[in-house]
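Heads up: the structure comes next, in structure tokens.
Quick note on labels: first sequence line is chain A, next is B, and so on, each numbered from 1.
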There are 4 protein chains.
Amino acid sequence: MGGSIWGRYFRLSTWGESHGKALGVVIDGCPAGLSLCEKDIQIYLDRRRPGTSKYTTRRSETDRAEILSGVFQGKTCGTPISVLVRNTDQHSGDYSDLAAVYRPGHADYGYDAKFGIRDYRGGGRSSGRETIGRVAGGAVAASILKELGITLFAYTSAIGPVHISEVHPEEVENNPLCMPDAAAAQQAALFLDTCIKNRDSAGGIITCIVSGLPAGLGEPVFDKLDAELAKAVLSIGAVKGVEFGDGFASALSFGSSNNDAFRSGPEGMYKESNHAGGILGGLSDGSSLILRAAVKPTPSIGILQHTVTASGENTTLQIKGRHDPVIVPRAVVVVESMVAVTLVDALLAGMGSRMDYLKTIFHQ
Amino acid sequence: MGGSIWGRYFRLSTWGESHGKALGVVIDGCPAGLSLCEKDIQIYLDRRRPGTSKYTTRRSETDRAEILSGVFQGKTCGTPISVLVRNTDQHSGDYSDLAAVYRPGHADYGYDAKFGIRDYRGGGRSSGRETIGRVAGGAVAASILKELGITLFAYTSAIGPVHISEVHPEEVENNPLCMPDAAAAQQAALFLDTCIKNRDSAGGIITCIVSGLPAGLGEPVFDKLDAELAKAVLSIGAVKGVEFGDGFASALSFGSSNNDAFRSGPEGMYKESNHAGGILGGLSDGSSLILRAAVKPTPSIGILQHTVTASGENTTLQIKGRHDPVIVPRAVVVVESMVAVTLVDALLAGMGSRMDYLKTIFHQ
Amino acid sequence: MGGSIWGRYFRLSTWGESHGKALGVVIDGCPAGLSLCEKDIQIYLDRRRPGTSKYTTRRSETDRAEILSGVFQGKTCGTPISVLVRNTDQHSGDYSDLAAVYRPGHADYGYDAKFGIRDYRGGGRSSGRETIGRVAGGAVAASILKELGITLFAYTSAIGPVHISEVHPEEVENNPLCMPDAAAAQQAALFLDTCIKNRDSAGGIITCIVSGLPAGLGEPVFDKLDAELAKAVLSIGAVKGVEFGDGFASALSFGSSNNDAFRSGPEGMYKESNHAGGILGGLSDGSSLILRAAVKPTPSIGILQHTVTASGENTTLQIKGRHDPVIVPRAVVVVESMVAVTLVDALLAGMGSRMDYLKTIFHQ
Amino acid sequence: MGGSIWGRYFRLSTWGESHGKALGVVIDGCPAGLSLCEKDIQIYLDRRRPGTSKYTTRRSETDRAEILSGVFQGKTCGTPISVLVRNTDQHSGDYSDLAAVYRPGHADYGYDAKFGIRDYRGGGRSSGRETIGRVAGGAVAASILKELGITLFAYTSAIGPVHISEVHPEEVENNPLCMPDAAAAQQAALFLDTCIKNRDSAGGIITCIVSGLPAGLGEPVFDKLDAELAKAVLSIGAVKGVEFGDGFASALSFGSSNNDAFRSGPEGMYKESNHAGGILGGLSDGSSLILRAAVKPTPSIGILQHTVTASGENTTLQIKGRHDPVIVPRAVVVVESMVAVTLVDALLAGMGSRMDYLKTIFHQ
């Protein structure tokens, strides 16, 4: 089936291999009349760009976005928006020795088992560069959400054992680790320095908060808002878990403490707490959406590892080339992007939920 | 959009409200030639049946499955399998006082915000009874998997603070909590007795293990096997998080310890460890699939709670009627069912991944 | 894949074999707040009921619709609407001799080739009774359209060589052939009497007109309104062709005569002609939608036919049992139903076409 | 929703406006291991290229296809295949006077009604150039079919009143009208010369024949093979009708003459006739698939026409620029392409129809 198409209404069709000619995305189903230019997309792409600090791969792609269709005179037309990013800094030679060996922690073996063929250069389609299309789509989705008064805020909440203890939004852009806590960022940097010295790698946790969501977003049963978001976030390579609100901690709680009491005040209805993370029974409840994703340590490490060859012989492997000691900071914008496209999809899905909405639009 | 249809190839269309006439599922896309009878489905439904112990609701539904189509002379025909379960023990009167009040921790408020109308009897479509259709579908999926040598094993791994420390598969059927550790089950029962006494409720964790999966199952990018499973499991009401393999713990690990080394032995390729939980880069890696789901405490509790009415006035609520102090044990078969339908869907999706598969089937 | 699920937003999941226990449909994605009762559906089902004249099969099913879910206090809830129709007049014995022989003009051979198994009783899933679910869904869709000021009118425009020459809408209910021209209906009846005498069967043409459609309905490129309608109508068994507006005749026309001139008048924009049948470039153009479907002669005839057995031996076949000499009149409501569900789907799809529609619904 | 994504398994995501920077397609779900190079695609694109005779537009695009992803070392990888075609001969100036006026017979008015904005240059997304992505996808699909022994043959069977009376496949490439009958082609050319002189345009009919299809292809009920093909072909701009086998003529036939008798011979089962056009009950029946599509006259003509402006005022319009007097010959490869992609999709869908197919692939 391929599986490179996301969404039901707002759909991303991404394509491209790490060391192919280019990567990109076709966005189908974007409503017409949205202001959009290449810069809107470039800002998002720059947030995932490598080469910005010693904590990210040294591959220095400029990742310049070109909009090829779907925008006319600065506005979206309702037709597919095609975004292209040319690859410019491929070093395919670096990877030739990986053609016949399965890297531990990577998709190599699964690819060969599934397809019987694999573009082994830089991970091919399972490279982190695959997320370029997601982020371009996320930039468009975030523009839509912004016009509806919905804002996203994603950040690194932990790297290895170092957790943030405060959240200062403006701080996220001050450190290369995207942590909203300067002290934690400093500690995490020291921790990563040791990782780099050991030719090892680390994982971490990404948090995403969404404000301004209307209540009732999502579909009951299978297409619950949290179910769609879980798929969105777990479709990002290296993510191994996702939770909403108190998440796994809620398994330890009691109904009496985990339930969020509804209250009514001068500004309308609100909840006294938000253990639910803004989603009840698969529908948004009017409070902030809170999502956390666990990211595993980068599997590409410089330490000697046991593995097998494609022909089934035991061997050892020491990976060379350019790799991130931690991918968490660069994945922050990917998580934010996947949340954004999922929310736009849910909004479009929700438009048909009531007869009176239909009448508002179509019955003059 | 509705959102009551699951899957791309093996599709469940579930329907039914807690206190309506009936509930059921239409299974579209089941391969022809599978042996199937009502008993196969009944066995699964009985595992989620209420009224079997003091730890589950006292509502005593027999939940008798009737197959209305798609099976002829004991075999599936490739046409939709319709399964019907009549409701027999509704006490709609119990719920009339909930019509105009939003229960904390429930979808009530979201439903009204979304649809402007709500069947308030027993939670309507957001009741746990909605899972009857899932479980009937799961029974069919599990039959397919069995014929392919794939087996599922789901169990309660924690209730509140009580975690299992051993896994004896046969033990799961010996205690009403579905725990594979008799000692832990006893402890958990004591813990739940206190909850019941306090008119409070508890949460827990469900684990599902799948053996016998071929390598290469799943699709790269958006339809990763873990992404699909995450959506499947988080679409179950009360689930607040999901993780694969080491999951959230992997965020604390190092690449050197988190990577599973590949090895080759007399019985073919294997992994020295399984931190990945059987999925790498979204594709199965030939080892056991390991998934864990966090379940929140039952939101329906007998303790007085703060809430608001549908017209926005502050009020208090004390829920009466029949409720599970913990839903984890009954949700075990639901998790297993959702995993099963997702795996069958992924298997069907995977059939088209190679030209030589196509030639095997269609080119004589 | 199954293929028994229709639609993207307004989805029908139909099920049931001719001689199984029951047939039905699950309607997912119906907007909440629509007034709906069993009688609304029954009226439509009665229009396709057999046994009403000598021109339809003598099988006398009452086809009583039961709504099992999705409606509460007379209104749709936004949750799946399950409709059940029990089979009551099966004579399975009639068909036992068809188990091992392929009826010409029927799907028997294809079913065995595809599935390797077949419910041969009365055509199983490929029986005309399969349309019960479509018609129940069509009744719901027509109710939605009515609230938006959109009306459908379908009728028999030809039976064999007898074409109507006038259209008097009220006349359609006066004759069992659903022809809006009394004189033509009389002629057609004589023609069919000869068919019956010859144990032969006839075909015909069904026309469907839709008024009140807003302009701009449909999607450019693949999901054009006429493309979706063509699929909808050709998915009905026995339909062999479909055309819009002048259809095949437009191939003989010139651009200068086939183009419909736009004009502006006191009541807004209109077209001076409607060769296009209300659709230009896949989008509705504000004038009436005109669709015609060609229906082949009923393949079940009493004349001796050549055919082969399931084991590949030449044989002859003389079909007994109850069969329509022409299915056109009973298919009229099926065509109308498929048009209705397709239009509702297109309306729901169209809600997300503009940023200002999104803002109207979600931005307060 | 956008509607620029085709298919369920073998999916095309096309994009691009007539006078934008480029057009293209992303093909998702192509099985791995297919030999593919740019030349395979170029051959198909050249068949729809303009500027090859006086009967096609004088716009002289080279339409050079570039494969950007999904192919490695000459084989498809199972990952998305992105094909890009840069626009090189846009004359946007030609169209500026069309910005505020609705061309009769075109989608202009519908676009504005739907989206509230429109790229008016050369028809934007509703231009015939939109089919570039379809044809690139069709080339890939045809390569897959070829490996399975399935061949397609499409041709012009009528232009205006001139019908072919013989079918010589090799003749199709000998005349610019793609007619398999040299005498008819000459007559049609004379007919078109008159159209050109009159600044008028003509329509016609395209026939597509498919040989080598396995029996049992397609899905019962909604996703019938003919239903999918009907959608595919009617999604091509200017197509106003489609029929299979005897099509509309079958409405005039009798069951006794329209039924195709099955026979068994030394080479297996066959049909004595093929009135059904190779499809019975939505499933292929082992004989050749026969499809015909009616194409309306090119709406862009040089004759003065009545129309209205975007602000609703009556006006006249005389279209200048480069236009085909007939689009039928260039649409032949588009019809063939849409049939090809639909058949590949149906083949992939059919792989999951039987338990024994599943076991063949996955159970070792």
Q. Looking only at heavy atoms, which two atoms of B:K240 and A:I279 are closest? And how far apart?
A. NZ-O, 3.2 Å

Q. Quick one: what part of B:S253 sits under 4.5 Å from any heavy atom of chain A, side chain, backbone, both or neither?
A. both

Q. So which part of B:V328 gets closer than 4.5 Å to some heavy atom of chain A, the side chain, the backbone, both or neither?
A. neither

**Q.** chain B contacts, top residue of A:G218, A:S257, A:C195 (heavy-atom pairs, under 4.5 Å)
**A.** A:G218

Q: Against chain B, work out which of A:G110, A:A238, A:P104, A:A293 has the most heavy-atom pairs shorter than 4.5 Å and name it.
A: A:P104

Q) Which pair of non-hydrogen atoms, one from A:K224 and one from B:I236, has the smallest distance, and what is that distance? A) NZ-C, 4.4 Å

Q | Options A:A230, A:G277, A:G245, ranked by heavy-atom pairs under 4.5 Å with chain B, top entry | A | A:A230

Q. So A:R134 and B:V221, side chain to side chain contact (heavy atoms under 4.5 Å, CB included) or not? Walk me through it.
A. CA-CA 10 Å; A:R134 301 174 186 246; B:V221 190; 3.7 Å; yes

Q) Any side-chain donor paired with an acceptor under 3.5 Å for B:S264 and A:N314? A) no

Q. Between B:S353 and A:K114, what is the shortest heavy-atom contact and its length?
A. OG-O, 3.3 Å

Q | OG on B:S256 to CG on A:N198, rounded to 0.5 Å | A | 8.0 Å

(Q) Report which part of B:M338 has an atom under 4.5 Å of a heavy atom belonging to chain A: side chain, backbone, both, or neither. (A) side chain

Q. Do you know which of B:P299, B:P161, B:S300 has the most heavy-atom pairs with chain A at a distance under 4.5 angstrom?
A. B:P299

Q. What's the spacing between B:D246 CG and A:K296 NZ if we round to 0.5 Å?
A. 10.5 Å

Q: Heavy-atom pairs under 4.5 Å with chain A are the metric here; pick the option from B:D285, B:T309, B:T298 that has the most.
A: B:D285

Q: Count the heavy-atom pairs under 4.5 Å between each of A:I301, A:D200, A:I117, A:L291 and chain B, then report the option with the highest count.
A: A:D200

(Q) Is there a salt bridge (Lys or Arg N to Asp or Glu O under 4.0 Å) between B:K231 and A:D223? Walk through the geometry before answering. (A) CA-CA 8 Å; B:K231 180 178 168 185; A:D223 299 344; 3.0 Å; yes

Q: Quick one: pull up OG1 in B:T307 and NZ in A:K271 and give me the separation to the nearest 0.5 Å.
A: 11.5 Å

Q) Taking every heavy-atom pair that is under 4.5 Å apart, which of B:A202, B:A276, B:G133 has the most such pairs with chain A? A) B:A276

(Q) Which one wins on heavy-atom pair count under 4.5 Å against chain B: A:G241, A:G203, A:A294, A:A227? (A) A:A227

Q: Tell me, for A:V162 versus chain B, whether the close heavy atoms (under 4.5 Å) come from the side chain, the backbone, both or neither.
A: neither

Q.
Taking side chain as everything from C-beta outward and backbone as N, CA, C, O, which of these in B:T315 sits under 4.5 Å from a heavy atom of chain A? Side chain, backbone, both or neither.
A. backbone

Q.
Give me the atom names and distance for the closest heavy-atom approach of B:F248 to A:E243.
A. CZ-CG, 3.5 Å

Q: Heavy-atom pairs under 4.5 Å with chain A are the metric here; pick the option from B:D226, B:T131, B:D112 that has the most.
A: B:D226

Q.
For B:L283, which atoms come within 4.5 Å of any heavy atom of chain A: side chain, backbone, both, or neither?
A. side chain

Q: Would you mind checking which part of B:F244 comes under 4.5 Å of any heavy atom in chain A, side chain (CB onward), backbone (N, CA, C, O), both or neither?
A: both

Q: Of all the heavy-atom pairs spanning B:L234 and A:V242, show the shortest one and how long it is.
A: CD1-CG1, 3.9 Å

Q) Which bit of B:H306 is near chain A, if near means a heavy-atom gap under 4.5 Å: side chain, backbone, both or neither? A) both

Q | Distance-minimising heavy-atom pair for A:I205 and B:A251 | A | CG1-CB, 3.9 Å

Q: Return the option, out of B:A261, B:P220, B:G237, with the maximum number of heavy-atom pairs under 4.5 Å with chain A.
A: B:P220

(Q) Please identify, among A:S235, A:G286, A:G281, the residue contributing the most non-hydrogen atom pairs under 4.5 Å to chain B. (A) A:S235

Q. Where on B:I5 is there a heavy atom nearer than 4.5 Å to chain A: the side chain, the backbone, both, or neither?
A. backbone

Q. What part of B:R263 is in contact with chain A, defined as an atom under 4.5 angstrom from a non-hydrogen atom: side chain, backbone, both or neither?
A. both

Q. Is it the side chain or the backbone of B:D108 that comes within 4.5 Å of chain A heavy atoms, both, or neither?
A. neither

Q: Please determine, among B:M355, B:R354, B:M351, the option with the most heavy-atom pairs under 4.5 Å with chain A.
A: B:R354

Q: Name the region of A:A215, side chain, backbone, both or neither, that has any atom closer than 4.5 Å to a heavy atom of chain B.
A: both

Q) Could you go step by step and tell me if A:F262 and B:Q305 meet the side chain to side chain contact (heavy atoms under 4.5 Å, CB included) rule? A) CA-CA 9 Å; A:F262 290 115; B:Q305 300 180 83; over 6 Å; no

Q. Roughly how far apart are B:W6 CH2 and A:F222 CZ, rounded to 0.5 Å?
A. 7.5 Å

Q: Please round to the nearest 0.5 Å and tell me the distance separating atom CG of B:L252 and atom CD1 of A:I159.
A: 12.0 Å

Q.
Between B:Y357 and chain A, with a heavy-atom cut-off of 4.5 Å, which part of the residue counts as in contact: side chain, backbone, both or neither?
A. side chain

Q | Aromatic ring pairing A:F254/B:F191, orientation class (parallel under 30°, perpendicular over 60°, tilted between) | A | tilted

Q: Return yes if some donor-acceptor pair links the side-chain N/O of B:N258 with the main-chain N/O of A:P297 below 3.5 Å, else return no.
A: no

